[in-house]
Amino acid sequence: MLNIVLFGPPGAGKGTQATKLVAKYNLVHLSTGDIFRANIKGETELGVLAKQYIDKGDLVPDEVTIKMLESEVEKNGDAEGFIFDGFPRTTFQAESLETFLSNKRTEITVMLALDVAEDELVKRILNRAKDSGRADDADESIIRNRIEVYNTQTAVVANFYAAKDKFKKIDGIGSIDEISERLYNAIEK
Ligand code: AMP
């Protein structure tokens, strides 16, 4: 199986690149943010809970997020591999994913981390807000909080994969196709 963690701060281009990787490698795309938003739209119990955190730009609690992610993996028993987009966002999530996958006799192949400078992230997210309809994209103070949460809670997850020699940093500045090429090269090397 090819199991990729697509990593990087909010606005780094994870969603855009995940779509391209899915098509090229025949993977199942699991975006925790997208799954939460679908639950918010459907007004499920999970959606109501997640919304309180997402609207502020804070992380949804680990326990809830991990349970949801695991159930999505279970739903895709015949997948050739997964792209985890927006997960894991804490070291605890990374450890839980490792245990969960190892029980399924598989593992993360590689973490690909899109590297983009902070000012560029804010610009990209505000621009995306015009179409995304996401409240957490439209307010600069919430965007700054999401980046702060990334810096304080999520960035360390890279160390977890670096320690296993599975971490690859990818320059996230350039055209969509240029960045995809860098990702393909990193996967195939
Ligand atoms: P995203 O679409 O990846 O930018 O995620 C949007 C929001 O969903 C985040 O700001 C968090 O509030 C929540 N979220 C997404 N993934 C996770 C995760 N792995 N752990 C906790 N919260 C998450």
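Atoms within a ligand are numbered from 1 in the order they appear, just like the ligands themselves.
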Checklist outcome for this item: atom 23 (C) of ligand 1: closest protein heavy atom, distance to 0.1 Å, is F36 CE1, 3.8 Å
Checklist entry - Between the side chains of E118 and Y150, is a donor N or O closer than 3.5 angstrom to an acceptor N or O? => result no
Item to check | Residue R146 vicinity, atoms of ligand 1 by number, heavy atom under 4.0 Å | outcome: 4 (O)
Item to check | Donor-acceptor contact below 3.5 Å, side chain K14 vs main chain A113 | outcome: no
Checklist outcome for this item: closest protein heavy atom to atom 20 (N) of ligand 1 is Q93 NE2, 3.0 Å
Checklist entry - Going by distance only, is there an N or O of V60 that falls short of 3.5 Å from an N or O of ligand 1? => result yes
Checklist entry - Does the pair E148/R144 count as a salt bridge with the N-to-O cut at 4.0 Å? => result no
Checklist entry - Side-chain donor-acceptor pair under 3.5 Å between E107 and S102, yes or no? => result no
Item to check | Residue and atom name of the nearest protein heavy atom (relative to atom 13 (C) of ligand 1), distance in Å to one decimal | outcome: I54 CG1, 3.8 Å
Checklist entry - What pairs with K75 under salt bridge (Lys or Arg N to Asp or Glu O under 4.0 Å), at least two apart in sequence or on another chain? => result E72
Checklist entry - Among protein heavy atoms, which sits nearest to atom 12 (O) of ligand 1, and what does the distance come to when rounded to 0.1 Å? => result D58 O, 2.6 Å
Checklist entry - Would you call R146 and D137 a salt bridge, using N to O less than 4.0 angstrom? => result yes
Next on the checklist: For L69, which part has a heavy atom under 4.0 Å from ligand 1: side chain, backbone, both, or neither?
Outcome noted: neither
Checklist outcome for this item: Near T65 (heavy-atom distance under 4.0 Å), the atoms of ligand 1 are 18 (C), 19 (N), 20 (N), 21 (C)
Item to check | Donor-acceptor side-chain pairing of T44 and N39 below 3.5 angstrom | outcome: yes
Checklist entry - Under 4.0 Å between a Lys/Arg side-chain N and an Asp/Glu carboxylate O for E63 and K67? => result no
Next on the checklist: Under 4.0 Å between a side-chain nitrogen and a carboxylate oxygen: does that hold for E43 and K51?
Outcome noted: no
Checklist entry - In the protein, what heavy atom is nearest to atom 16 (N) of ligand 1, and what distance, to one decimal place, separates them? => result T32 OG1, 2.8 Å
Item to check | For atom 4 (O) of ligand 1, closest protein heavy-atom neighbour | outcome: R134 NH2, 3.2 Å
Checklist entry - For G86 and ligand 1, does the shortest N/O to N/O distance drop below 3.5 Å? => result yes
Checklist entry - Below 4.5 Å, heavy atoms only, C-beta onward: do L27 and I4 meet side chain to side chain? => result yes
Item to check | Residue portion contacting ligand 1 (non-hydrogen atoms closer than 4.0 Å) for Q52 | outcome: neither
Checklist entry - Which one of M68, K14, R89, Q153 has a non-hydrogen atom at the shortest distance from atom 5 (O) of ligand 1? => result R89
Checklist entry - Going by heavy atoms, is K56 under 4.0 Å from ligand 1? => result no
Checklist entry - Is R37 close to ligand 1, meaning an N/O of one under 3.5 Å from an N/O of the other? => result yes
Checklist entry - Applying a 4.0 Å heavy-atom criterion (strictly less than), which segment of L59 is in contact with ligand 1: side chain, backbone, both, or neither? => result both
